[in-house]
Amino acid sequence: MRRIALMSVVALTFAACSTDSTAPTTPAVVDLTTIGAGAFGSALTVAGGYEAELYQTRLTNGLPDSLKLSADQQAKIKALVDAFNTATKSDRDALEALLKQARDASRGKGKAGADSVGKILAKGVSVTAHLALAEAKLKADIDAVLTADQRAWLASHTPKNCKADKFGKLTDDQKGKIKALEQAFEQANKADLQAVKAAYESAEGKPKAERDAILAAVAPAIARLEAARHSLTTAIAALLTPEQKASGCLPLG
């Protein structure tokens with residue numbers, strides 16, 4: 001909780017530094033509830049995926065059965081995510097180091113502490129800009145892999161009114177628990193997932209009556225999966241802090 005409290009206005013400080021050279025770089029008192037929010041980009045947070053690998057998994061498990069990612073799409077998205085992680089590692093490491101320095105400096109009191117934090121965070125303006133651009137490109141590249149129907153579904157199910165600059169970066173503990181929930185969903189629903197996938201593949205290209213009959217046979221499994229996906233999204237949301245939830249950046253689904 002302390003890490004989230006500390007890592008939740010770097011974006012605001014960075015924005016002030018980059019848009020108004022005459023404005024003070026920091027307030028007179030360091031706001032510990034906002035240091036770090038939005039620092040690692042916002043495209044995936046706005047989409048309800050938060051980070052590259054988590055967004056990849058949300059796409060895999062969050063889409064309805066009729067719009068599931070194909071094996072080819074999954075492979076292409078994984079390649080994009082792996083390339084993004086490799087290309088941005090140095091920037092992400094550098095920003096993590098700056099945020100740690102800022103958290104350490106924030107122990108100072110009054111204007112002196114605030115000025116010290118501001119000077120440290122100002123060093124990260126260009127790094128933050130690089131990460132934001134890289135993440136936006138990743139999101140666009142992933143969108144290009146998706147079908148029009150998949151993109152339309154995502155557009156209608158992404159969080160509304162998400163303020164990414166208010167969303168405190170996920171802790172390692174949160175990320176680990178989210179990954180565990182996604183894996184548990186896949187294991188618990190493995191039989192239904194396979195049965196429904198096979199049914200949709202079998203029904204493809206068939207006359208409507210035959211297609212409807214094939215899908216009717218797996219209707220109970222489809223209903224169970226829909227309920228399981230809703231429960232998964234609810235469980236992921238429950239891992240967010242009150243500050244993260246207040247940002248409006250809820251998980252995709």
Side-chain angles (χ1 to χ4, degrees), residues 1-18 26 30-58 81 84-107 117-118 120-139 142 158-159 161-182 233 235-253:
M1 288 300 292
R2 176 171 175 77
R3 182 180 176 187
I4 283 294
L6 289 173
M7 297 218 20
S8 47
V9 173
V10 108
L12 299 181
T13 302
F14 288 168
C17 293
S18 60
T26 58
V30 180
D31 185 348
L32 297 183
T33 66
T34 53
I35 294 178
F40 288 79
S42 61
L44 300 184
T45 298
V46 170
Y50 310 125
E51 295 188 1
E53 291 179 350
L54 295 181
Y55 185 57
Q56 176 186 352
T57 308
R58 280 284 67 222
V81 169
F84 168 84
N85 285 336
T86 298
T88 61
K89 186 179 187 304
S90 60
D91 277 345
R92 287 183 285 114
D93 289 347
L95 192 52
E96 286 280 14
L98 284 172
L99 290 174
K100 182 180 185 304
Q101 291 178 36
R103 291 194 296 273
D104 292 342
S106 69
R107 296 189 179 95
V117 171
I120 294 170
L121 295 182
K123 298 177 183 178
V125 173
S126 61
V127 179
T128 301
H130 291 160
L131 285 171
L133 288 173
E135 190 175 297
K137 184 179 185 302
L138 173 63
K139 174 65 167 55
I142 290 176
T158 51
N161 303 315
C162 166
K163 297 179 177 62
D165 62 335
K166 303 292 185 182
F167 187 88
K169 184 175 180 289
L170 293 173
T171 65
D172 290 340
D173 181 63
Q174 285 177 307
K175 286 185 285 187
K177 287 179 178 177
I178 290 173
K179 290 178 181 178
L181 286 173
E182 298 277 13
T233 303
I236 293 173
L239 294 175
L240 303 181
T241 66
E243 293 83 4
Q244 289 170 328
K245 292 177 183 177
S247 72
C249 304
L250 300 176
L252 171 69

For this session: Report the distance from atom OG of Ser90 to atom CG of Leu95, rounding to the nearest 0.5 Å.
Result: 11.0 Å
Problem set entry | Listed partners of Lys245 passing salt bridge (charged side-chain N to carboxylate O under 4.0 Å, His left out), at least two apart | none
For this session: Taking side chain to side chain contact (heavy atoms under 4.5 Å, CB included) as the test, write out the residues that go with Asp93, two or more places apart.
Result: Lys89
Exercise. Could you walk me through whether Leu250 and Ile236 pass the side chain to side chain contact (heavy atoms under 4.5 Å, CB included) check?
Worked result: CA-CA 9 Å; Leu250 300 176; Ile236 293 173; over 6 Å; no
For this session: State which residues pass side-chain hydrogen bond (donor to acceptor under 3.5 Å, both in side chains) with Gln101; sequence neighbours excluded, sorted by chain then number.
Result: none
Problem set entry | Test side chain to side chain contact (heavy atoms under 4.5 Å, CB included) applied to Leu239 - qualifying residues, sequence neighbours left out | Lys177, Ile178, Leu181
Problem set entry | Counterpart residues, side chain to side chain contact (heavy atoms under 4.5 Å, CB included), relative to Lys137 (two or more places apart) | Asp141
Problem set entry | Identified side-chain hydrogen bond (donor to acceptor under 3.5 Å, both in side chains) partner of Gln244 from the options Lys169, Gln174, Lys166 | Gln174
Problem set entry | Minimum side-chain heavy-atom gap Leu54-Leu170 below 4.5 Å | yes
Problem set entry | Those residues that, when tested against Lys139, pass salt bridge (charged side-chain N to carboxylate O under 4.0 Å, His left out) (two or more places apart) | Asp143
Problem set entry | Minimal non-hydrogen separation, Leu240 against Pro251, with atom names | CD1-CD, 4.2 Å
Problem set entry | Set of side-chain hydrogen bond (donor to acceptor under 3.5 Å, both in side chains) partners for Glu182, sequence neighbours left out | Arg58, Asn61
For this session: Kindly write out the residues that satisfy ring pair (Phe, Tyr, Trp, His ring centres under 6.0 Å) with Tyr50, not counting sequence neighbours, or none if the list is empty.
Result: Phe167
Exercise. At their closest point, which heavy atom of Gly253 faces which heavy atom of Thr233, and how far apart are they?
Worked result: CA-OG1, 4.0 Å
Exercise. In Å, rounded to the nearest 0.5 Å, how long is the span from CG of Asp91 to OG1 of Thr128?
Worked result: 9.0 Å
Tabulate below the donor-acceptor pairs under 3.5 Å that side-chain atoms of residues 39-48 make, not counting sequence neighbours, or state none.
none

For this session: Check the pair Glu53 / Lys175 against side chain to side chain contact (heavy atoms under 4.5 Å, CB included), numbers first and verdict last.
Result: CA-CA 10 Å; Glu53 291 179 350; Lys175 286 185 285 187; over 6 Å; no
Exercise. Got a sec, which residues hit side chain to side chain contact (heavy atoms under 4.5 Å, CB included) with Ala134, two or more places apart in sequence or on another chain?
Worked result: Phe84, Thr88
For this session: Return the minimal non-hydrogen interatomic distance between Arg92 and Asn85, and the atom names on each side.
Result: NH2-O, 2.6 Å
